[in-house]
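Report on the structure given below.
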Amino acid sequence: MMGNTRDVFAGGVAVITGAGAGIGEGLSRRAGELGMKVVLADIVGDRVETLASELRAGGAEVMPITVDVGKPDELERLAEHVHAVWGDVRLLINNAGIETMGLSWEIPSHRWEQTLNVNIHGVIHGVRAFAPRMLASGKPACIANLASIGSFSVMPTQTAYMVTKHAVQAFTECLYLEMQLTGKPIQVSSIIPGMVKTRIFDATAGEGEPEGAHGYRTAMREMMASYGMDLTEACRIIFDKLAAGEFWVDTQPEMTEGCVGDRISFLKNRAFPAIPAAARGLLGLDN
Ligand SMILES: NC(=O)c1ccc[n+]([C@@H]2O[C@H](COP(=O)([O-])OP(=O)(O)OC[C@H]3O[C@@H](n4cnc5c(N)ncnc54)[C@H](O)[C@@H]3O)[C@@H](O)[C@H]2O)c1
């Protein structure tokens with residue numbers, strides 16, 4: 001799938017999970033601007049209803065739907081509904097995800113399960129629900145999953161999140177190969193944000209985290225506010241790379257390169273795990 005971004009996507013149906021805020025919202029806006037019909041799926045129904053009203057007022061065709069991606073049956077129903085109403089899906093972005101902070105042994109089991117469920121199973125079951133229908137249509141389509149630069153690094157106090165993002169990257173690479181193996185016309189891409197300004201580190205998003213996580217969450221929120229990339233810019237880059245048929249859809253390639261480079265040398269040297277230099281301040285180690 002190659003070419004001018006609008007030529008590639010205009011007129012197609014996009015399904016975006018976690019569309020109510022942050023990157024999902026930004027991608028939904030961009031999809032609407034590019035002339036796609038956009039399914040806005042989020043666990044918080046009010047957010048996608050509000051976004052839908054705004055996008056409709058701007059002329060976009062959108063469908064807000066309340067979905068918990070942690071529940072495979074809900075994703076199956078979503079796929080069934082979208083196909084019944086709008087037909088073939090051109091682009092699926094499995095974006096919904098949550099950050100969980102705190103020491104591994106202090107995070108309550110329900111928060112661990114929620115994190116693994118939303119971030120890993122949400123992506124896997126999104127693919128299980130949509131891929132068979134995309135394949136049955138025989139038309140070119142694209143599936144993009146939200147990994148992270150965290151897919152190539154480790155960070156104490158973000159263990160739960162890191163585990164899920166390593167998993168999403170591995171899943172996405174295997175999925176790509178499965179499409180190649182079976183000769184299917186589905187582009188598979190890994191979206192790798194560096195740091196993009198969103199609500200992921202908001203205090204309210206940390207409900208259920210252990211007490212000790214609060215300070216780490218605040219430090220990350222402040223770092224995001226200072227150094228995060230503008231959301232609109234990030235979403236423009238993501239769509240351009242998807243349209244160009246890239247597998248590596250990163251918003252800040254220099255950050256990807258830094259994390260991947262460190263990972264390669266760590267593995268090559270069979271080194272002991274070490275806290276990344278850039279993270280020491282966040283963890284209060286250089287005060
Ligand atoms: N912001 C960044 O810098 C960054 C960096 C790397 C990766 N990511 C990834 O990008 C994705 C989006 O993150 P964001 O920063 O926009 O977060 P965000 O918190 O701003 O938005 C996430 C959205 O997902 C929704 N959501 C949460 N759980 C859901 C569920 N079970 N079902 C459906 N929707 C659900 C939320 O309601 C929210 O609207 C995540 O997968 C995240 O890991 C973000």
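Order of appearance sets the numbers: ligands from 1, and atoms from 1 within every ligand.
Each of G18, G20, A21, G22, I23, D42, I43, V44, R47, V67, D68, V69, N95, A96, G97, I98, V118, L146, A147, S148, Y161, K165, P193, G194, M195, V196, T198, R199, I200, M224 has a non-hydrogen atom positioned under 4.0 Å from some atom of ligand 1.
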Enumerate, atom names and distances included, each donor-acceptor pair closer than 3.5 Å involving a side-chain atom of residues 57-74, sequence neighbours excluded.
{"from": "D68", "atom 1": "OD1", "to": "G70", "atom 2": "N", "distance (Å)": "2.8"}
{"from": "E74", "atom 1": "OE1", "to": "D68", "atom 2": "N", "distance (Å)": "2.7"}

Can you give each donor-acceptor pair under 3.5 Å made by side-chain atoms of residues 155-164, sequence neighbours left out, with the distance rounded to 0.1 Å?
{"from": "T164", "atom 1": "OG1", "to": "N119", "atom 2": "ND2", "distance (Å)": "3.1"}
{"from": "T164", "atom 1": "OG1", "to": "Y161", "atom 2": "O", "distance (Å)": "2.6"}

For residues 121-138, dump all side-chain donor-acceptor pairs below 3.5 Å to protein atoms at least two apart in sequence or in another chain.
{"from": "H121", "atom 1": "ND1", "to": "N117", "atom 2": "OD1", "distance (Å)": "2.9"}
{"from": "H125", "atom 1": "ND1", "to": "R128", "atom 2": "NH1", "distance (Å)": "3.1"}
{"from": "R133", "atom 1": "NH1", "to": "E76", "atom 2": "OE2", "distance (Å)": "3.2"}
{"from": "R133", "atom 1": "NH1", "to": "A129", "atom 2": "O", "distance (Å)": "2.8"}
{"from": "R133", "atom 1": "NH2", "to": "E76", "atom 2": "OE2", "distance (Å)": "3.1"}
{"from": "S137", "atom 1": "OG", "to": "M134", "atom 2": "O", "distance (Å)": "2.8"}
{"from": "S137", "atom 1": "OG", "to": "K139", "atom 2": "N", "distance (Å)": "3.1"}

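With respect to E25 and R47, no salt bridge is recorded, no charged nitrogen being found less than 4.0 Å from a carboxylate O.
Residue E99 holds its CD atom at 15.5 Å from CZ of R199, rounded to the nearest 0.5 Å.
Other residues, nucleotides and ligands contribute at most 12 non-hydrogen atoms within 6.0 Å of the CD atom of E257.
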